[in-house]
Engineer: 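Supplied in structure tokens, the structure appears directly below.
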Amino acid sequence: YTVEKTLCAERELKKMSACSSTTPVPILSFTERAKSLLEIQQAHAFMLKTGLFHDTFSASKLVAFAATNPEPKTVSYAHSILNRIESPNGFTHNSVIRAYANSSTPEIALTVFREMLLGPVFPDKYSFTFVLKACAAFCGFEEGRQIHGLFMKSDLVTDVFVENTLINVYGRSGYFEIARKVLDRMPVRDAVSWNSLLSAYLDKGLVEEARALFDEMEERNVESWNFMISGYAAAGLVKEAREVFDSMPVKDVVSWNAMVTAYAHVGCYNEVLEVFNMMLDDSAERPDGFTLVNVLSACASLGSLSQGEWVHVYIDKHGIEIEGFVATALVDMYSKCGKIDKALEVFRDTSKRDVSTWNSIITGLSVHGLGKDALEIFSEMVYEGFKPNGITFIGVLSACNHVGLLDQARKLFEMMNSVYGIEPTIEHYGCMVDLLGRMGKFEEAEELVNEVPADEASILLESLLGACKRFGKLEQAERIANRLLESNPRESSGYVQMSNLYASHGRWDEAMEVRGKMRAERVKKNPGCSMIEVDGVVHEFLAGEGLRIE
């Protein structure tokens with residue numbers, strides 16, 4: 001595919017070469033339409049060959065690509081082009097500064113800005129705006145303060161864009177008093193000025209200060225409201241987020257997504273569906289991929305198949321492409337709602353899969369007890385060139401667990417680090433310990449538990465204790481239970497499992513003693529919970545509640 005694309009580009013360049021002596025428009029048009037670094041390199045080569053690169057305007061088109069495509073290689077390439085332009089102008093410098101400001105290495109923007117200070121092209125208001133944006137990105141208070149001083153000493157007229165970015169620099173760096181002084185001294189302020197300080201407060205988790213500023217704001221736009229909703233949501237204050245949301249004079253799709261996300265993050269999945277239905281009924285805004293992913297995740301968590309199917313129909317009806325995260329969410333929803341065959345169908349019909357899509361189907365097959373199918377999908381994933389991550393290995397180790405493939409699990413567990421450089425987490429250890437416990441390999445399981453830090457080992461000990469109970473290994477169970485209670489005396493599982501194990505062996509005195517310790521420590525066992533969907537409504541039941549008829 002890449003070779004074919006390269007050949008097509010070369011054919012286009014040859015056509016341009018025929019008319020390059022009379023008009024440079026075709027190559028400039030090609031450069032502006034470029035979608036990859038490879039195409040920019042081809043355009044660069046063409047300009048060098050034809051001498052067009054010596055024209056600053058033409059060369060600047062190569063540099064401009066990096067401003068909107070700030071990948072590290074692209075930005076570095078643009079910087080190297082800038083250093084080779086015979087007569088660079090303000091636009092070329094500003095394009096590279098802007099590109100670095102938007103990249104993962106914003107501090108390098110200062111290098112380009114410093115080069116401008118030496119002349120012959122000196123910084124303009126755009127240069128200051130972009131370099132200050134870079135300072136905000138890495139919380140460079142001292143650098144931002146010095147650039148602020150340079151701007152004040154320059155002959156440039158005070159500019160609202162520069163001052164808005166200054167507020168952002170000081171606010172993100174935690175210097176709110178200075179940020180507020182800049183805001184108060186601005187001769188002209190707009191909603192962005194206020195939002196710069198508002199977002200800084202919320203980024204630092206200062207919700208009360210943000211709300212006080214929000215109430216004081218002379219001018220608000222939809223972004224101001226969205227900031228407050230997201231800020232409350234990040235703090236877990238969904239009631240307050242909903243109050244702001246309901247008060248909004250105008251909502252955009254980001255507003256609806258912010259509210260949906262707020263409920264999703266605290267597990268209020270019924271409310272997620274409620275807001276989604278409101279969006280469909282009361283708003284001119286249409287759900288985007290972000291909305292649909294959150295709604296499908298809510299359906300999956302609730303086991304609400306009918307709602308999930310409706311969303312799938314909506315996606316098909318509106319021509320929304322099923323790929324990436326939307327495909328992953330659909331596969332996950334069908335898997336968790338018990339329709340693994342439908343999950344497989346969606347997976348197979350997805351043309352553009354990513355690692356999360358593969359992980360979702362592997363995990364779904366594993367949960368449904370189709371371990372061998374999950375391993376086949378894993379092999380297919382590797383064959384197609386996708387690199388597994390930690391979540392992938394949780395899925396395949398769980399698959400081995402469900403079907404008892406101990407040797408395969410050992411190989412995969414070893415492969416994680418040796419082949420893919422992935423350090424096992426507590427979840428990976430958990431899969432292995434559970435499988436070893438199921439197979440009666442208690443010594444090997446304990447060896448794995450001992451590799452885990454003591455403060456994380458309690459969940460593994462619980463699993464191993466359950467295995468000892470199933471196999472009737474009373475002595476080992478007592479030893480593991482003591483380790484578990486020493487590490488986490490407030491956890492109920494150790495008490496409950498030991499009490500049940502003593503009872504199963506007829507040792508009632510010991511069973512009552514364990515229960516007594518549990519009461520003395522005031523440890524309570526959380527009741528079991530079940531959910532069922534009836535006519536599109538999800539009902540939740542707790543163990544011991546009894547049947548209530550209204």
Engineer: Please check if the side chain of Ser301 supplies one atom and the backbone of Ser297 the other of a donor-acceptor pair under 3.5 Å.
Structural biologist: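 Yes, the answer is positive, given that a donor and an acceptor are paired below the 3.5 Å cut-off.
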
Engineer: Do we get Arg353 above Phe347's six-membered ring, with its NZ or CZ under 6.0 Å from the centre and within 45° of the axis?
Structural biologist: yes

Engineer: Taking the six-membered ring for Trp and the single ring otherwise, decide whether the centroids of Trp358 and Phe378 are under 6.0 Å apart.
Structural biologist: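 Centroid separation for Trp358 and Phe378: 6.0 Å or greater.
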
Engineer: Measure the acute angle between the ring planes of Trp310 and Phe276, then classify it against the limits of 30° and 60° as parallel, tilted or perpendicular.
Structural biologist: perpendicular

Engineer: Please determine whether a side-chain nitrogen of the Lys or Arg among Asp434 and Arg438 lies less than 4.0 Å from a carboxylate oxygen of the Asp or Glu.
Structural biologist: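 Answer for the salt bridge query: yes.
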
Engineer: I'd like to know if the side chain of Ser304 reaches the main chain of Cys299, judged simply by a donor and an acceptor atom lying under 3.5 Å from each other, with no hydrogens or angles considered.
Structural biologist: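 A pair under 3.5 Å: no.
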
Engineer: Can you confirm whether or not the ring centre of Phe325 sits under 6.0 Å from the ring centre of Phe290?
Structural biologist: no

Engineer: Just checking Tyr420 against Phe393, ring centres under 6.0 Å apart?
Structural biologist: yes

Engineer: Would you say Asp332 and Ser335 are linked by a side-chain donor-acceptor pair, where the criterion is simply a distance under 3.5 Å?
Structural biologist: no

Engineer: Can we say Lys441 and Glu447 salt-bridge, meaning some charged N sits less than 4.0 Å from an Asp/Glu carboxylate O?
Structural biologist: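 No, no charged N to carboxylate O under 4.0 Å.
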
Engineer: Tell me the closest heavy-atom pair linking Ala298 and Leu273, and the distance in Å.
Structural biologist: CB-CD2, 4.3 Å

Engineer: Less than 3.5 Å apart, any donor N or O on the side chain of Thr425 or Glu427 sitting next to an acceptor on the other?
Structural biologist: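 Short answer, yes.
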
Engineer: Would you mind checking if Arg348 and Glu380 are paired as a salt bridge, meaning a charged N to carboxylate O distance below 4.0 Å?
Structural biologist: yes

Engineer: Hey, would you say the Trp225 and Phe245 ring centroids sit under 6.0 Å apart?
Structural biologist: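 Centroid distance Trp225-Phe245: not below 6.0 Å, so no.
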
